[in-house]
Protein chains: 2
Amino acid sequence: MAASGRTARPEVIWARPERAARGPRPAHTRAEIAAAAVRVADAEGADGVSMRRVAAEIGCGTMSLYNYVPRKEDLYELMVDAVSAEYDLSAEPSGDWRADTLALAAQTRALMHRHPWLPRLMSPAHGFSPNALRYLEHFLRVLEPLDAGGGTKMELISMVNGVVSTYVVNELSEAERARTSPFPPGQEHAARMAHLARELSRGEHPRLAAVIGAGFAAVDLDAQFARALGRLLDGFDPARVSPPPGPSAPRSPA
Amino acid sequence: MAASGRTARPEVIWARPERAARGPRPAHTRAEIAAAAVRVADAEGADGVSMRRVAAEIGCGTMSLYNYVPRKEDLYELMVDAVSAEYDLSAEPSGDWRADTLALAAQTRALMHRHPWLPRLMSPAHGFSPNALRYLEHFLRVLEPLDAGGGTKMELISMVNGVVSTYVVNELSEAERARTSPFPPGQEHAARMAHLARELSRGEHPRLAAVIGAGFAAVDLDAQFARALGRLLDGFDPARVSPPPGPSAPRSPA
DNA sequence: CCCCACTACGTACGGCGTACGTAACTAGGA
DNA sequence: TCCTAGTTACGTACGCCGTACGTAGTGGGG
């Protein structure tokens, strides 16, 4: 049985050597394939990324792609890692972990705006790709001034990314839906809003009607984003939160 | 052109009458279809839910399903609404919005544990299904003691749900991956961990190695969940956050 | 030098969403 | 009451998808 035999093994793609010891030189590189897939996803959305489509994009037969990427899932992993390379981690930590964290979150948000398929294709299992490691290490460096255990810091990173992802998905939801919809843009959203208004006018859900009637339309998204994250970080900031009075759990023991 | 003609229109499924004015009595109900789809998803995962599979489940031809559900997307919407009915919203708000919010979040977490496909199939566009309205209204009622504007309250709801979703996806990630994986359970995760250990032993990423080496394995998940959400709520709690001090980044100006 | 691992690629299978044609049925208006 | 138009039910078909597998050619290590 060959080491990197034909039938897939439970192997991380990053552990596969890019170039085999024997045989002809591969006609393409992982980076090239990842870039092609990212190009397709940017242009046509996550559903546009198919093995056939990406193979065509780099100009090879469909099944040749499987020499580089044993399963489609691994293609996703390549894509996520590729765009993670867009993080600019060159700035030295300022010492203000709050500000640095907000800056990192802003980069994530911008990244997801550039690549709206990212939240959908990202998975916790991709957490250890090369560029994810770079990112995590940098984040931990940024958090060094924060007085907290390693577990808490990982928790912070995870929650910040979760909130950013949630936030961006909400931000982009209408636009993405419009792109996928077979109807003229806006029409689907209009139908949805009309239904909501009709439903709220029935008098049940008075609080919701009040909140929505007050119109949360013309909000400054950037400010709202910063405020939401600020609130989250407040919860981790020993300088801003009064010590846990009652039932809150103690710090994680060593 | 028929009102609910054959070709789909940009219509919310909840605005479609379940029973048409004319024609034969439909052999199935929306609730029955939603329950069947939920059953399939619970048993076989989100990818198991296909129009063919669900049609077979209720015992009708594939294309007959399209009389009830114009697009697959709408089937998802039915499913999400159906499981949202599992929320127990009968308890009167206690007056302690923090405790009530944590209880709601715990219900969401339990719901997602019962239906692991929920995070993947839920979309911001489903936010106004009948049971979603019930849920939102109840949440706003719970938040009445909180001194904040309607926009802030919606923000809180959105962020709580985002964090819960992120948290559960992380919790269930390994199990879900194992269910999908074509390999013996655990083998894929083992390969991933082996690669991580190999990579961290190379000496770059020292902080990450330290944190992971310290082992964040045997943690109490329930406590961690409560702590994470508690931190988030801290940020919304006027009673717990000290007014913006000096050194840390100032609040975003109005 | 030669062997064989590796590359490239076409064919084929089973599954998907869904457009469309057709037949049976049923309620409202004449 | 009967007619007719709209609805239900359902099979067929199209163009996608992921990918197992067979085959031919290539080039580096023993």
Side-chain angles (χ1 to χ4, degrees), chain A residues 1-9 11 16-30 32-33 37 40-41 44-78 121 180-183, chain B residues 1-9 11 16-30 32-33 37 40-41 44-78 121 180-183:
Chain A
M1 200 70 75
S4 46
R6 168 154 271 177
T7 50
R9 294 190 327 153
E11 203 179 23
R16 271 171 77 113
E18 171 140 21
R19 174 100 160 85
R22 302 278 282 272
R25 150 176 299 272
H28 308 279
T29 67
R30 242 176 231 170
E32 188 185 342
I33 292 169
V40 171
E44 309 169 29
D47 292 332
V49 178
S50 72
M51 297 301 276
R52 283 164 167 74
R53 181 73 185 75
V54 172
E57 185 76 13
I58 64 172
C60 78
T62 302
M63 294 315 290
S64 306
L65 201 48
Y66 281 89
N67 287 321
Y68 304 88
V69 176
R71 294 173 294 152
K72 194 188 183 189
E73 171 90 34
D74 292 311
L75 180 59
Y76 290 158
E77 193 149 349
L78 286 186
L121 261 44
T180 305
S181 171
F183 307 112
Chain B
M1 201 71 75
S4 45
R6 170 153 270 178
T7 50
R9 296 190 325 153
E11 203 179 23
R16 271 171 77 117
E18 173 142 20
R19 172 100 159 83
R22 303 278 281 273
R25 153 175 297 273
H28 308 280
T29 67
R30 240 173 235 172
E32 187 186 342
I33 292 168
V40 171
E44 308 170 30
D47 291 333
V49 178
S50 72
M51 297 302 275
R52 283 167 169 81
R53 182 72 185 75
V54 172
E57 185 77 11
I58 63 173
C60 77
T62 303
M63 293 317 289
S64 306
L65 200 49
Y66 281 90
N67 287 320
Y68 303 88
V69 177
R71 293 172 294 151
K72 194 188 182 188
E73 171 90 33
D74 292 312
L75 181 60
Y76 290 157
E77 193 149 351
L78 286 186
L121 261 44
T180 304
S181 172
F183 307 111

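Values below: all heavy atoms of this structure, side chains included; hydrogens, waters and symmetry mates excluded. The chains referred to below are lettered A, B, ... by the order of the sequence lines, with proteins before strands, and numbering in each begins at 1.
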Picking from C:dA8, D:dT19, C:dC4, which would you name as closest to the side chain of A:Arg22? C:dC4
Measure the distance from NZ on B:Lys72 to C1' on C:dG15 and round it to the nearest whole Å. 11 Å
Expressed in angstrom and rounded to an integer, what is the separation of A:Met63 atom CE from D:dC21 atom C1'? 8 Å
To the nearest angstrom, the CG-C1' distance between A:Asn67 and D:dT23 comes to 14 Å
Heavy atoms from C-beta onward define the side chain here; which of C:dC16, C:dA8, D:dG18 lies closest to that of B:Ser50? C:dC16
Tell me whether the count of non-hydrogen atoms from other residues, nucleotides or ligands lying under 6.0 Å of CZ in A:Arg25 goes above 12. no
Please answer whether the main-chain N or O of B:Ile33 pairs with a side-chain N or O of B:Tyr68 as donor and acceptor at a distance below 3.5 Å. no
Counting side-chain heavy atoms from C-beta on, which of D:dT8, D:dG25, D:dT12 comes nearest to A:Pro24? D:dG25
Rounded interatomic separation in angstrom, taking NE2 from B:His28 and P from D:dT7: 19 Å
Options D:dC17, C:dA8, C:dT26, nucleotide nearest the side-chain atoms of A:Arg52: D:dC17
Could you check how far CD of B:Glu18 sits from P of D:dT7, rounded to whole Å? 15 Å
Rounding to a whole Å, what distance do you find between A:Leu75:CG and D:dG18:P? 9 Å
With distance as the sole test, does A:Glu18 use its side chain to make a donor-acceptor pair with the main-chain N or O of A:Arg30 at under 3.5 Å? yes
Nearest-nucleotide 5' precedence on DNA chain C, B:Arg25 against B:Arg53: B:Arg53
Applying a 4.0 Å non-hydrogen cut-off, can you work out what A:Arg19 is touching in the nucleic acid: base, sugar-phosphate, or nothing? nothing
Spacing of A:Arg52 atom CZ and A:Met63 atom CE [to the nearest 0.5 Å]: 8.5 Å
Rounding to an integer number of Å, can you tell me how far A:Leu65 CG sits from C:dA8 C1'? 12 Å
Atom OH of B:Tyr66 to atom C1' of D:dA13: distance rounded to whole Å? 14 Å
If each of B:Gly61 and B:Ala21 is mapped to the nucleotide of DNA chain D with the nearest heavy atom, which maps nearer the 5' terminus, i.e. the 5' end? B:Ala21
Test item: B:Ser64 and B:His28 side chains (from C-beta on) under 4.5 Å apart, heavy atoms: no
So if I take every side-chain heavy atom of A:Tyr68 and compare against D:dG11, C:dC4, C:dT7, which nucleotide ends up nearest? C:dT7
